[in-house]
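Worth knowing before you read on, the calculation uses all heavy atoms, side chains too, and leaves out hydrogens, waters and symmetry mates.
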Amino acid sequence: MINTFQGDPALSIGNDGADLTFKGGQPVMDQGLENQAQISLFTAEGWPGNFLFPDTQQIGSNFEEQAREAITLTSLAELEKTAEAAMEAPVFGPVRAVAINPESWRIDMKILVTPPGREESVILLSRNGQNWINQAANPAHERL
């Protein structure tokens, strides 16, 4: 049985940015790699916090920016490369990203990770055009 109250508070990306889920007044905790994957992918390049830990792996990527570009075969291939580079960390092990465009306004991404000593895990992301347009027009960080 999984203890939902051990780990880090689980972040879930929604239409309006990241959300936390609470049960019985306590936040549900992340038991896997989801938080670290979201931080690796959605923290902007040049994040100032990297200055505090210069001897460790720096976080930040332009994944979110690339996901907003026009959907072409080239942009999907670049998005895969960016995701793999952003998640290049020992905790993830080997990483393989696959981006597809099932509908004109949507990108679905599957990221396969094999953490050391564990079975392969799948992280799924989906970019729905209207959600990203809404986020660009009214960014979550400006609503805090």
Presence of salt bridge, Asp108 and Arg106, under 4.0 angstrom:
yes

With a 4.0 Å cut-off, would you call Glu78 and Lys81 a salt bridge?
yes

Can you name the nearest heavy-atom pair linking [X] to [Y], along with the distance?
| X | Y | result |
| --- | --- | --- |
| Phe22 | Pro27 | CD2-N, 3.5 Å |
| Phe92 | Val113 | O-CB, 3.6 Å |
| Ala67 | Ile107 | O-CD1, 4.1 Å |

Would you confirm whether [X], through its side chain, and [Y], through its main-chain N or O, come within 3.5 Å as a donor-acceptor pair?
| X | Y | result |
| --- | --- | --- |
| Thr43 | Ser40 | no |
| Ser75 | Ala70 | yes |
| Asn62 | Ala44 | no |

Are any of the side-chain heavy atoms of [X] and [Y] separated by less than 4.5 Å?
| X | Y | result |
| --- | --- | --- |
| Ile39 | Ile59 | yes |
| Pro9 | Met29 | yes |
| Thr114 | Glu119 | no |
| Glu80 | Thr82 | no |

Verify the neighbour count for atom CD of Glu88: are there more than 12 heavy atoms of other residues, nucleotides or ligands below 6.0 Å?
no

Check this for me: Leu73, atom CG, are more than 12 non-hydrogen atoms of other residues, nucleotides or ligands nearer than 6.0 Å?
no

Decide yes or no on side-chain contact (heavy atoms from CB on, under 4.5 Å) for Ile111 and Met87, but give the supporting numbers first.
CA-CA 9 Å; Ile111 303 173; Met87 294 180 62; 3.8 Å; yes

Is there a side-chain contact (heavy atoms from CB on, under 4.5 Å) between Phe63 and Met109? Walk through the geometry before answering.
CA-CA 12 Å; Phe63 177 81; Met109 180 157 242; 3.6 Å; yes

